[in-house]
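Quick notes on the structure that follows.
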Amino acid sequence: MEQRLELLPGVCLTAVQTDKFKTGCFSINFLRPMCREEASGNALIPSVLLRGSERYPDIPSISARLDELYGASMGTLVRKKGEVQLVGFFADFIEDALAGEPVFEPMLEFVAEILLHPLTKDDYFVPELVEGEKRNLCNAIAARINDKRSYASSQLIKLMCPDEPYGVPRLGELEDVQRVDAQRLYAHYRKVLAESQAELFYMGRKDPQDVAACLKKVLAALPRAQAFAQVCTLQGAAPETPREVRAHLDVTQGKLAIGLRTGCTVRDDGYPALLMLNAIYGGGVTSKLFQNVREQMSLCYYAGSSIEKFKGVMVVSAGVEFDQYQKARDEILRQLELCRKGEITDDEFDAARRYILSELKLAKDSPGRLDDFYMGQAVAGLSGTMDDLAGRIARVTKQDVADAACRLQLDTIYFLEGQTA
């Protein structure tokens with residue numbers, strides 16, 4: 001059973017009551033408009049907060065308290081959904097009934113302590129802690145280049161969206177991290193608490209009304225402004241002539257990334273058909289890209305597609321030998337043309353539907369994926385469950401898929417190849 005409740009101005013809870021798991025989970029997320037000016041600062045805040053609070057001033061005392069709560073865990077969250085950045089915490093903990101004593105309320109009190117009562121020095125964050133987390137964040141940003149497949153996709157997005165908030169990386173940029181200091185970060189933290197829409201998620205055995213009452217109590221000191229930062233995502237437009245960029249790096253295998261504008265987001269009636277199109281085209285081992293371009297033609301080491309449902313973007317990724325670039329590129333686009341023409345076999349269509357429905361069923365058994373789904377619904381301003389989405393998927397036809405394919409517009413092709421001589 002799922003319920004959505006407003007707890008405080010700009011603070012909403014989505015609660016899923018279930019006895020399916022031995023542990024409960026909870027997340028708190030502050031929604032910020034994606035922008036380069038604050039992306040890295042937003043990403044730093046949860047990490048700095050989790051270094052110490054007034055009552056638990058260091059990592060050993062934080063760890064000891066979590067051990068007292070039967071080995072509960074708490075971690076940072078930094079997510080990007082379309083042009084919205086979500087920052088906060090995720091926690092899981094044993095159910096009260098299994099522990100034989102209250103764990104849920106003490107756990108929420110602990111989360112509130114970490115969030116609302118940070119360790120400070122001279123009325124702002126402790127500089128040494130901020131500098132330590134800045135180094136960690138810089139290392140994480142610098143390490144992006146080590147995963148060449150992901151790196152190629154991120155470079156593609158920057159080329160596609162140079163003047164759109166979606167082009168800003170989830171963790172921000174290195175030079176922006178280096179400009180942050182303890183005083184500025186603390187001021188920004190206070191702004192995030194007061195001026196951000198807050199979305200909470202709970203899954204466990206507690207009655208949603210009891211969860212809401214407990215949260216209202218522990219978050220009573222959360223500052224609330226008169227107005228909250230507006231968060232939304234706008235669809236961009238593909239250029240009249242698609243861009244094609246070839247870049248060079250010390251790689252032994254080429255990385256091809258193709259970006260398309262879908263003309264459809266999760267808010268649109270055509271979204272289930274877009275999901276089906278993605279699965280048929282490149283979303284799994286039964287897809288056209290995997291079966292034809294990779295398996296039969298051996299043009300790629302891997303080939304697949306994914307959609308960003310909040311922004312309306314599809315990215316095709318493939319590992320390609322340098323001298324096979326043109327052939328692989330053309331065949332990948334040809335497979336899309338087959339979808340546009342409705343040349344989809346019954347086996348491809350049925351396998352795609354089974355794949356999506358199976359993924360939805362698996363997601364319902366994963367607290368983390370449920371949290372991610374409902375946070376996405378909140379970002380998009382939607383209601384509805386995974387079962388609702390499954391019902392919509394079941395009604396999609398081949399013509400719906402072909403129509404979704406016809407809406408795709410090629411935006412940018414990016415190929416990362418080896419260094420030139």
Side-chain angles (χ1 to χ4, degrees), residues 34 80-83 141-171 173 235-239 241-264 274 277-285 287-290 292-294 297-337 339 405 407-420:
M34 198 77 213
K80 173 183 171 183
K81 294 186 180 297
E83 292 171 350
I141 292 172
R144 291 187 299 214
I145 199 171
N146 295 333
D147 182 343
K148 300 301 189 294
R149 179 176 180 174
S150 176
Y151 174 77
S153 294
S154 66
Q155 294 301 104
L156 169 77
I157 295 301
K158 286 184 180 181
L159 290 167
M160 284 182 68
C161 309
D163 301 314
E164 300 173 51
Y166 187 62
V168 179
R170 178 179 66 92
L171 300 177
E173 299 285 7
Q235 292 190 52
T241 302
R243 291 168 286 236
E244 193 155 355
V245 176
R246 298 179 73 150
H248 300 275
L249 203 62
D250 185 16
V251 293
T252 56
Q253 179 192 106
K255 306 297 178 185
L256 173 60
I258 300 175
L260 304 108
R261 304 278 183 169
T262 66
C264 176
L274 178 63
L277 167 64
N278 182 64
I280 290 166
Y281 178 48
V285 295
S287 68
K288 288 181 178 292
L289 294 185
F290 188 93
N292 300 326
V293 184
R294 181 186 184 275
M297 303 181 73
S298 299
L299 291 174
C300 306
Y301 293 98
Y302 61 84
S305 64
S306 61
I307 53 175
E308 212 298 349
K309 64 183 182 180
F310 304 99
K311 179 63 178 173
V313 167
M314 175 183 281
V315 174
V316 179
S317 298
V320 182
E321 290 289 353
F322 304 141
D323 60 358
Q324 293 290 307
Y325 163 67
Q326 192 67 42
K327 194 172 180 180
R329 167 202 181 279
D330 293 347
E331 185 58 31
I332 287 169
L333 295 177
R334 191 182 80 83
Q335 294 295 325
L336 180 58
E337 281 301 315
C339 294
R407 284 194 294 269
L408 294 183
Q409 292 182 299
L410 180 61
D411 187 297
T412 302
I413 299 173
Y414 175 85
F415 186 54
L416 183 64
E417 56 189 328
Q419 301 280 16
T420 55

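Just so you know, these numbers come straight off a predicted model, no measurement behind them.
In this structure the side chain of N292 reaches within 4.5 angstrom of the side chain of Q335, judged on heavy atoms. Using a 4.5 Å heavy-atom cutoff, the side chains of V316 and L256 are not in contact. Taking the side chain as every heavy atom from C-beta outward, I280 and K288 approach each other to under 4.5 Å. With contacts defined as side-chain heavy-atom distances shorter than 4.5 Å, the pair L410/L260 qualifies. In this structure, Q235 and E164 have side chains that are not in contact, with every pair of non-hydrogen atoms separated by 4.5 Å or more. In this structure, L277 and L408 have side chains that are in contact, with non-hydrogen atoms separated by less than 4.5 Å. The side-chain heavy atoms of I157 and V315, taken from C-beta on, include a pair separated by under 4.5 Å. Counting heavy atoms from C-beta on, the side chains of D411 and R243 come closer than 4.5 Å.
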Practice item. Could you check Q253 against Y301 for side chain to side chain contact (heavy atoms under 4.5 Å, CB included), going step by step and ending with a plain yes or no? Key: CA-CA 9 Å; Q253 179 192 106; Y301 293 98; 3.0 Å; yes

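Here R334 does not pair with E337 in a salt bridge; the nearest charged N to carboxylate O distance is not below 4.0 Å. Salt-bridge formation is detected for the pair R144/E173: a Lys NZ or Arg NE/NH1/NH2 atom is positioned less than 4.0 Å from an Asp or Glu carboxylate oxygen.
Both the sub-6.0 Å distance and the 45° axial angle are satisfied by K80 relative to the ring of Y166. With Y302 as the aromatic partner, R149 meets the cation-pi criteria of under 6.0 angstrom to the ring centre and within 45 degrees of the ring axis.
Note on ring orientation: taking the six-membered ring where Trp is involved, the planes of F415 and Y325 are parallel (angle under 30°, cut-offs 30° and 60°).
For the pair E321 (side chain) and Q324 (backbone), a donor-acceptor distance under 3.5 Å is absent.
Of all non-hydrogen atoms in G167 and K158, the two that sit nearest each other are O-CG, 3.8 Å.
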